[in-house]
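Read through the structure below, which is laid out as structure tokens, and then see the notes.
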There are 2 protein chains.
Amino acid sequence: MRTHQVVLQWIEEQLSSGQLRVGGRLPAERALAEQLGVSRTSVREAIRILEALGVVRAGVGSGPDAGTVVISDPTAALGSALRLHVATAHLPVADIVQTRVLLESWAAARARPGSPALAEAATLLEQMEGCEATEEFLALDVRFHLALADAAGNAVVSAMMGSLRESIQDYAGRLTGNLPDWAATAARLREEHRGILAAITGHDGAAAARLVAEHIEGYYAEAGLGGSA
Amino acid sequence: MRTHQVVLQWIEEQLSSGQLRVGGRLPAERALAEQLGVSRTSVREAIRILEALGVVRAGVGSGPDAGTVVISDPTAALGSALRLHVATAHLPVADIVQTRVLLESWAAARARPGSPALAEAATLLEQMEGCEATEEFLALDVRFHLALADAAGNAVVSAMMGSLRESIQDYAGRLTGNLPDWAATAARLREEHRGILAAITGHDGAAAARLVAEHIEGYYAEAGLGGSA
């Protein structure tokens with residue numbers, strides 16, 4: 001095992017055993033290096049990896065906010081990983097879109113009408129009403145879909161769905177350039193969003209699942225993703 | 001942007017533009033550091049992160065195999081990330097099992113009877129017939145389920161499913177200790193596997209999806225995962 005992996009394994013054991021929890025701090029670099037008998041370089045490499053995986057936020061400077069804090073942000077980590085594998089052309093964009101449809105229709109069918117995430121989705125819809133700027137609209141759109149997924153109450157599905165969105169965010173943004181009339185598309189997306197939300201609040205999960213699948217597939221078809229990717 | 005992120009961004013751009021492809025090699029550390037105006041430490045940190053994300057394999061020693069090669073192994077990377085987030089208790093095991101059921105029943109419904117992955121699944125079933133050792137059986141079991149997922153032909157679903165399995169592999173192994181009679185469980189799992197494969201080869205995707213969901217849920221229920229996780 002390489003020395004930075006010794007550090008990773010130690011931290012994973014501390015997390016599994018509950019010795020280290022979200023919000024807790026790692027020992028200082030020097031102390032950790034001495035304790036595990038490795039170089040400070042190896043400790044720093046391990047911390048960089050954990051940052052990239054969304055497991056810690058490395059502190060800067062001194063004072064009460066210094067030090068490396070345990071967080072849990074799997075969405076960002078999985079998103080970067082997927083984005084890089086899309087870049088290596090190992091993961092086709094068409095497969096990402098299909099997986100989005102799978103996860104989002106599952107979540108729409110199970111979204112709980114009483115969930116706070118659903119109230120947030122309704123607020124986001126209102127904000128989208130008056131929004132003309134493409135980039136701002138798309139950002140609200142992402143948050144709306146994430147809120148719907150959260151309303152289903154499965155943290156793994158939420159993290160995976162968020163990471164899929166993040167992995168193709170730049171790609172999706174560029175696709176808007178293919179649309180013949182953004183204002184017309186935005187109006188249609190708003191209407192479809194209202195329909196999905198109405199199906200969920202009306203306890204019709206099957207309709208919500210079908211509508212969200214049509215909504216996602218329709219957008220990519222209009223923007224010219226087609227079967228190619 | 002921190003200096004190791006400059007290196008990450010440069011590599012991602014090289015991948016996106018096709019300048020760097022799977023099987024290709026990164027420039028030597030020293031050359032990359034000079035080109036980007038950063039320290040060799042920063043280059044090494046970026047490479048460690050890319051290794052952890054399954055995007056490169058760092059070479060050791062000298063000769064034709066030296067240097068850092070671009071690979072694409074999203075499954076291992078996502079698996080480590082999910083495992084760490086399970087360790088931080090952010091992702092409940094019950095949610096992972098539910099997501100497995102979602103992805104695997106989707107894949108079973110779409111597995112193509114003529115796919116080479118399905119022939120591999122059949123071979124793995126034969127190997128499981130004579131297999132008494134728990135650990136070896138479980139390893140074959142994982143490969144059988146991955147082969148079924150591959151037969152659906154979506155690289156993102158395969159990678160996600162593999163990563164879910166990997167993230168709870170230790171956990172699933174420990175669960176076998178809760179089973180009252182491993183030989184009886186193994187016999188039942190073998191029979192269920194045969195039923196799933198028969199449904200797929202008989203072009204009955206709906207039955208295959210239902211059987212694989214019952215198979216996964218039944219195993220965790222017997223092993224005492226229950227609703228707690």
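A note on names: the letters A, B, ... follow the listed sequences, proteins ahead of strands, and every chain is numbered from 1. Values in this document were obtained by computation on a predicted structure and should not be read as measured data.
- Contact count versus chain B (heavy atoms, under 4.5 Å) is highest, among A:Ala46, A:Ser72, A:Ala159, A:Ala155, for A:Ser72.
- Here the CG atom belonging to A:Leu91 is positioned 7.5 Å from the CG atom belonging to A:Asp95, to the nearest 0.5 angstrom.
- In terms of non-hydrogen atom pairs under 4.5 Å with chain B, the most contact-rich of A:Thr99, A:Thr41, A:Val70 is A:Thr99.
- With a 4.5 Å cut-off on side-chain heavy atoms, A:Leu118 and A:Leu148 count as touching.
- Applying the salt bridge (charged side-chain N to carboxylate O under 4.0 Å, His left out) definition to pairs two or more places apart or across chains, those involving residues 39-48 of chain B are A:Glu45-B:Arg48, A:Arg48-B:Glu45, B:Glu29-B:Arg40, B:Glu29-B:Arg44, B:Arg48-B:Glu51.
- The two residues A:Ala223 and A:Asn178 make their nearest non-hydrogen contact at O-ND2, 2.8 Å.
- For B:Leu20, no part sits under 4.5 Å from any heavy atom of chain A, backbone or side chain.
- Checking side-chain atoms of B:Thr176 against main-chain N and O of B:Ala172 turns up no donor-acceptor pair under 3.5 Å.
- Note that CD1 of B:Ile196 and OG1 of B:Thr201 are 12.0 Å apart. Values are rounded to the nearest 0.5 Å.
- For the atom pair CG of B:Leu103 and CG of A:Leu102, the computed distance is 6.0 Å after rounding to the nearest 0.5 Å.
- One distance of note links CG of B:Asp150 with CZ of B:Arg143; it measures 11.5 Å at 0.5 Å rounding.
- A distance-only check finds a donor-acceptor pair linking the side chain of B:His85 to the backbone of A:Leu53 [under 3.5 Å].
- Residues from residues 204-212 of chain B never place a non-hydrogen atom less than 4.5 Å from a non-hydrogen atom of chain A.
- Between B:Trp106 and B:Asn154, some side-chain heavy-atom pair lies under the 4.5 Å cut-off.
- Comparing A:Ala77, A:Gly54, A:Ser158, A:Ser80 by heavy-atom pairs within less than 4.5 Å of chain B, the highest count is held by A:Gly54.
- Here the straight-line distance linking atom CD of B:Gln5 with atom CD1 of B:Ile49 works out to 7.5 Å at 0.5 Å rounding.
- Going from atom CD of B:Glu217 over to atom CZ of B:Arg100 covers 10.5 Å, rounded to the nearest 0.5 Å.
- Looking at heavy atoms from C-beta onward, A:Leu189 lies in side-chain contact with A:Glu192 at the 4.5 angstrom threshold.
- Taking the six-membered ring where the residue is Trp, B:His193 and B:His145 present perpendicular rings, their angle passing 60° and hence far from 30°.
- The stretch residues 161-170 of chain A places A:Ser163, A:Leu164 near chain B, each with some heavy atom under 4.5 Å from a heavy atom of that chain.
- Using non-hydrogen atoms only and a strict 4.5 Å limit, the part of residues 8-18 of chain B facing chain A consists of B:Glu12, B:Leu15, B:Ser16.
- Taking chain A as the reference chain and counting heavy-atom pairs below 4.5 Å, the highest number among B:Leu82, B:Ile71, B:Leu84, B:Val157 is found for B:Leu84.
- Proximity of B:Val43 to B:Val38: side-chain heavy atoms (C-beta onward) are separated by under 4.5 Å at one or more points.
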